[in-house]
Amino acid sequence: SPSRSRSRRCVTPRWRWGRCLAFAGRETVYAAWVRIRFHVASRRLMREGAEVLVKTWCFGPDGLSNGVDFYYGSLPEELERRGVRCVLLCGDAQGRRPSAFARSVFRRGWVRSIPEMCLVPIWAPTVVACGQLRNALRLRRLARRAKRASLAQLCAAAAAESLKPITLRNAMYFYIARAAVQRWKARAFVAFYEGHPWEQPAWRGAKAAQAGCRTVGYQHTVVSPHAFTLLAPPRRAQARSAPDVVLCLGEVTRRMLEPGHARQGNRLITFGTFRRHDHNGTAGSPRPAQRTVLVLPEGYVWETQLLFEFAMETAPLVPDHRFILRCHPVLPFEREDFVRVYDLD
């Protein structure tokens with residue numbers, strides 16, 4: 001049928017595999033360079049003990065000198081003051097200057113920190129890329145054998161998505177978390193709990209290194225009613241897809257998460273957030289009468305431009321509404337592409 005032939009034409013072209021392999025090679029070079037360049041500093045840090053490992057994201061080397069973590073705030077310092085030794089595993093959300101970023105991470109004097117690239121096994125990117133190819137080929141065979149056009153198109157799309165560089169990067173967190181827990185013999189591994197695909201490999205990596213290691217999810221943002229990864233995490237035979245403990249933002253999110261986590265025996269704690277906030281004296285409570293539309297894209301350029309352009313086209317049609325465009329921290333308005341597109345000063 002025509003739909004069947006269309007699905008076959010879009011199944012995993014060879015250039016996707018070549019791009020995936022090239023990205024794996026680049027990640028291998030980055031990991032090798034960072035490990036060699038900062039071998040002495042990382043070995044010194046790894047000799048010191050740590051009970052808790054905390055995974056965080058940073059936004060380039062320039063934002064690491066303010067003495068506070070963007071997501072965890074003063075939490076690592078408070079843990080140290082209470083006698084709980086911790087290490088921050090720092091990932092660069094921008095990923096542009098790995099050497100400069102690693103140098104800035106090791107210079108953080110207020111808390112012990114290590115760039116996560118120092119924990120990547122040299123062979124891991126190639127192993128992950130080969131696994132991506134195997135999965136893409138399986139999905140390709142399913143697409144060709146599927147009797148329904150909708151299933152064929154779904155398998156074809158999944159095959160193409162499985163070879164993306166971001167898929168490789170997400171899978172790498174299994175090896176990063178496993179290496180970190182093995183090196184420090186940590187009792188707890190803390191990471192964000194937002195429903196992103198890198199979180200589950202991290203939980204599994206921590207458990208693979210040490211079954212007794214407690215995985216902790218830091219649920220520090222609002223939860224959408226359609227966030228099924230958070231609300232109803234599946235229970236799998238070989239490995240759990242949710243953390244052992246969830247630190248909830250408040251009682252509302254705790255009640256939302258409780259039904260899906262109760263059957264797995266996960267512990268939910270109302271914890272709040274340590275995220276840094278800028279207080280300018282304005283009221284923080286919602287005011288529905290103002291008819292305000294808040295546009296909050298994720299950290300992707302294409303998605304940000306799509307939503308912002310739609311908001312700008314819609315705003316003149318509804319003059320009684322106020323539109324607030326808020327960027328993700330990884331994509332500030334000062335970026336050159338935003339200044340060029342939106343004529344911002």
Candidate pair Tyr218 and Thr273, rule side chain to side chain donor-acceptor pair (under 3.5 Å), full reasoning: CA-CA 8 Å; Tyr218 179 49; Thr273 178; 3.3 Å; yes
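- Aromatic ring centres of Phe310 and Phe323: separated by at least 6.0 Å.
- Under a 4.5 Å side-chain heavy-atom cut-off, the cluster of Ile, Leu, Val, Met, Phe, Trp and Tyr residues that includes Ile324 is completed by Leu294, Leu296.
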Give the table of side-chain donor-acceptor pairs shorter than 3.5 Å for residues 29-44, with sequence neighbours excluded, one pair per line with atom names and distance.
residue, atom, partner, partner atom, Å
Arg35, NH1, Val120, O, 3.0
Ser42, OG, Phe38, O, 2.9
Ser42, OG, His39, O, 3.0

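- Judged by distance alone, with hydrogens and angles left aside, the side-chain atoms of Glu251 form no donor-acceptor pair with the main-chain N or O of Thr270 at under 3.5 Å.
- Chaining together hydrophobic side chains whose heavy atoms lie under 4.5 Å apart leaves Leu317 on its own.
- Considering only heavy atoms from C-beta on, Gln219 stays 4.5 Å or farther from Leu247 through its side chain.
- Counting heavy atoms from C-beta outward, Leu231 and Met256 have side chains that approach closer than 4.5 Å.
- The side-chain contact (heavy atoms from CB on, under 4.5 Å) test applied to Pro165 returns Arg19, Phe23, not counting sequence neighbours.
- Here the side chain of Asp244 pairs a donor or acceptor atom with the backbone of Thr215 at under 3.5 angstrom.
- Here the side chains of Ser162 and Gln132 are not in contact, with every heavy-atom distance at 4.5 Å or above.
- For Arg103, the CZ atom is densely surrounded, since the number of other residues' heavy atoms within 6.0 Å is greater than 12.
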Stepwise side chain to side chain donor-acceptor pair (under 3.5 Å) check, Tyr173 with Glu116: CA-CA 9 Å; Tyr173 281 96; Glu116 60 189 22; 2.6 Å; yes
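- Listed by chain and number, the residues in a side-chain contact (heavy atoms from CB on, under 4.5 Å) with Ala93 are Trp57, Phe59, Val330 (sequence neighbours excluded).
- The side-chain contact (heavy atoms from CB on, under 4.5 Å) check on Ala158 picks up Leu139, with sequence neighbours excluded.
- One finds no salt bridge joining Arg187 and Glu51 here, because no Lys/Arg side-chain nitrogen approaches an Asp/Glu carboxylate oxygen to under 4.0 Å.
- The pair Glu48-Arg112 meets the salt-bridge criterion, with a side-chain N (NZ, NE, NH1 or NH2) lying under 4.0 Å from an Asp/Glu carboxylate O.
- When ring centroids are compared, Tyr175 and Trp123 come within the 6.0 Å threshold.
- One finds no salt bridge joining Arg255 and Glu258 here, because no Lys/Arg side-chain nitrogen approaches an Asp/Glu carboxylate oxygen to under 4.0 Å.
- Counting only distance, with no hydrogens or angles, the side chain of His261 and the backbone of Leu230 share a donor-acceptor pair below 3.5 Å.
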Test side chain to side chain donor-acceptor pair (under 3.5 Å) applied to Thr56 and Asp69, step by step: CA-CA 8 Å; Thr56 188; Asp69 187 78; 3.0 Å; yes
